[in-house]
Amino acid sequence: MKDCVLRIRKWKYYKFVDKAVFALALGLSAMVMSYLFYHQAMSDGKTFLSDIGPYIDEVRGTQEKFDFPYPVLFKTAGLIDLFIKNTPVSMVVAIVFFNVLAMIITKSFFNKTTDSTIIATGATLSLFFLSMLYSKKLEAVGINYRYAGVSTPNPWHNATYMAARPFMILAFIYGVILLKGYEEGKLKRKDYILFSVIMLLATMAKPSYTIVHMGAFGLVVLYRLIKSRGTNFKSTCILACAYIPTIIDLLYQYSGVFAGAASSESEKGIGLGFFRVWSIYSDNIPLAIILAGAFPICVLIFNYDKLKTEAYYRFAWQIYVMGFTMYAVLYEKGPREAHGNFGWGYICGLFLVFMASIMVLLQNSRKLLIADHVIKKKEYIIIAIQWLALGAHTLMGLHYFQLLCWGGNYM
């Protein structure tokens, strides 16, 4: 097996084939995404339901019901509309662009962290089309909806999440790089500036990831500061400075969402309530958690030790836990309470923990293929179980995407 894998990798056309396959995959993905987003943009309000309608109105300047103080998607669609002169189509092009950009970034991440190529292409496609596990029969045990109350790493109905995703992935990657090196003083000024810009763009696209990122990474940095007894205080302050533009923008967004047109005069702000919003949509939250994240949970069971040695994997789980905690405890007061907007941080955590878990699975699978020692049957079974879990999420995701393309309700 090892000799076969090495011969394939040494084939002179191997890299060309990988790039060609990935380009084809991107093209096909863009086509099917365009089909769905176009029908969402042209929805009559009965089928192809999504959040895209108010976003299109925002670009047109006719939207007065909601506040959207995160302009990246709207400015991008507006710029495209200068040439296309068709606002719904411009919005579709903008959303597809951000999805394709996120796939390119993810493919590059898998290539570098797993030394995979063609397999990384398949993994990227899987990540961007998988979904929660679901079945109509689960209604009998408290799972009232496919998506609502369960969540998915790929909520196809929300364009601002997809616009923020490429910046979220980059902010996660560069955030880990900074966390790995800020105490040693090896990072350059440009590293902090680049990270600062990426974090700001992620926030200006949708602040959901920013909130859980700052919560999780902030706790890590605070723990290290206490553990070092203040010896890394200077490097901690330098790292904190990279977040200043993001914090300023968050304060602006907070005032817009909680004190602007979208807020209630009688009640606004953030409240505390254990599973208060989550329980609106699910009567069986423990099962909902498993249905949303069965694959990463499965990988964690077999790779718990990776939390100590693999920084991307560890921080992905920390962000997931932070997103979960915020969704479980926090809610927006007033008319936006049932929107469950703190759930978007949980969805960001889901995506990143899926991405990091796929990375670990690719790493372990590659080691198995090129191993010098005799492979035990148990090792093959463990890897197979994890691939089957990923396959289940992927098949469910493709079916979910198909249902949406037929005009089905995303709920």
Side-chain angles (χ1 to χ4, degrees), residues 105 109 113 164-165 167-254 270 272 296 300 304-330 342 344-353 355-357 359-360:
I105 295 168
F109 173 75
T113 57
R165 190 157 51 179
F167 307 112
M168 174 187 78
I169 298 169
L170 286 174
F172 169 73
I173 293 171
Y174 281 96
V176 172
I177 292 172
L178 259 62
L179 279 177
K180 289 166 67 176
Y182 80 97
E183 292 177 298
E184 301 172 2
K186 295 180 179 179
L187 298 173
K188 298 180 180 179
R189 183 182 299 177
K190 65 178 182 181
D191 297 318
Y192 291 99
I193 293 174
L194 178 61
F195 173 72
S196 184
V197 170
I198 292 171
M199 276 300 303
L200 180 60
L201 286 172
T203 308
M204 293 175 68
K206 191 179 183 77
S208 305
Y209 172 71
T210 304
I211 296 171
V212 293
H213 171 104
M214 292 182 69
F217 280 49
L219 287 177
V220 171
V221 171
L222 179 61
Y223 168 77
R224 291 182 180 180
L225 180 63
I226 295 172
K227 186 179 179 180
S228 72
R229 297 184 179 182
T231 58
N232 66 349
F233 181 75
K234 181 179 179 180
S235 57
T236 300
C237 289
I238 294 173
L239 178 62
C241 287
Y243 287 93
I244 290 176
T246 292
I247 293 171
I248 293 172
D249 189 55
L250 274 179
L251 291 173
Y252 163 73
Q253 291 190 26
Y254 178 90
I270 299 173
L272 300 176
L300 180 64
Y304 186 80
D305 58 315
K306 287 279 188 177
L307 292 174
K308 296 180 181 180
T309 60
E310 180 53 68
Y312 290 115
Y313 189 55
R314 178 171 63 253
F315 290 122
W317 271 107
Q318 288 171 335
I319 288 173
Y320 170 86
V321 170
M322 181 57 66
F324 170 85
T325 302
M326 287 184 173
Y327 187 27
V329 175
L330 303 177
F342 280 103
W344 290 110
Y346 175 61
I347 288 174
C348 292
L350 267 177
F351 181 88
L352 291 174
V353 84
M355 184 177 78
S357 298
M359 177 197 73
V360 168

To the nearest 0.5 Å, how far apart are OG1 in Thr113 and CE in Met355?
-> 8.0 Å
Pair Phe342-Ile270, side-chain contact (heavy atoms from CB on, under 4.5 Å): steps then yes or no | CA-CA 10 Å; Phe342 280 103; Ile270 299 173; 3.8 Å; yes
Taking the side chain as C-beta and beyond, is there a heavy-atom pair between Leu178 and Phe217 under 4.5 Å?
-> no
Applying side-chain contact (heavy atoms from CB on, under 4.5 Å), run through Val221 and Leu179 and close with a yes or a no.
-> CA-CA 8 Å; Val221 171; Leu179 279 177; 3.6 Å; yes
To the nearest 0.5 Å, what is the distance between OG (Ser357) and NZ (Lys306)?
-> 11.5 Å
Which pairs count as ring pair (Phe, Tyr, Trp, His ring centres under 6.0 Å) when at least one residue sits in residues 231-250, sequence neighbours excluded?
-> Phe195-Tyr243, His213-Tyr243
Test log, rule side-chain contact (heavy atoms from CB on, under 4.5 Å), inputs Leu300 and Leu307 | CA-CA 9 Å; Leu300 180 64; Leu307 292 174; 3.8 Å; yes
Tell me the salt bridge (charged side-chain N to carboxylate O under 4.0 Å, His left out) pairs involving residues 224-248, sequence neighbours left out?
-> Glu183-Arg224
If every non-hydrogen atom of Trp317 is compared with every non-hydrogen atom of Pro296, which pair is closest and at what distance?
-> CZ2-O, 3.4 Å
Which value, rounded to the nearest 0.5 Å, describes the distance between Phe351 atom CZ and Met168 atom CE?
-> 5.0 Å
Can you name the closest pair of heavy atoms from Ala316 and Ala356 and give their distance?
-> CB-CB, 3.6 Å
Residues forming a ring-ring contact (aromatic ring centres under 6.0 Å, His included) with Tyr327, sequence neighbours excluded | Trp278, Tyr346
Which ring pair (Phe, Tyr, Trp, His ring centres under 6.0 Å) pairs, counting each pair once, include a residue from residues 174-193, with sequence neighbours left out?
-> none
ring-ring contact (aromatic ring centres under 6.0 Å, His included) partners for Phe109, two or more places apart = Tyr312
Centres of the Phe172 and Phe315 rings: under 6.0 Å?
-> no
Taking only residues two or more places apart in sequence or in another chain, which ones pass side-chain contact (heavy atoms from CB on, under 4.5 Å) with Lys188?
-> Lys190, Asp191
Interatomic distance, Ile173 atom CD1 to Leu352 atom CG [nearest 0.5 angstrom] | 9.0 Å
Please tell me if the side chains of Ile347 and Trp344 come closer than 4.5 Å, counting only heavy atoms from C-beta onward.
-> yes
dist Leu170:CG -> Ile177:CD1 (nearest 0.5 Å) comes out at 9.5 Å
Sorted by first residue and then second, give each salt bridge (charged side-chain N to carboxylate O under 4.0 Å, His left out) pair with at least one member in residues 307-326; sequence neighbours left out.
-> none
For Gln253 and Pro207, work out which heavy atoms get closest and say how close.
-> OE1-CG, 3.0 Å
Minimal non-hydrogen separation, Val176 against Ala311, with atom names = CG1-CB, 3.7 Å
Side chains of Tyr320 and Val212: does their closest heavy-atom pair fall under 4.5 Å?
-> no
Those residues at least two apart in sequence (or on a different chain) that pass side-chain contact (heavy atoms from CB on, under 4.5 Å) with Ser228 are Thr231, Asn232
Could you pull out all residues at least two apart from Leu201 that satisfy side-chain contact (heavy atoms from CB on, under 4.5 Å)?
-> Phe167, Val197
Under the side-chain contact (heavy atoms from CB on, under 4.5 Å) test, residues paired with Thr246 that sit two or more places apart = Met199, Leu200, Thr203, Thr210, Met214, Leu250
Might you point out which heavy atoms bring Ala242 and Ser196 nearest each other, and give the distance in Å?
-> O-OG, 2.8 Å
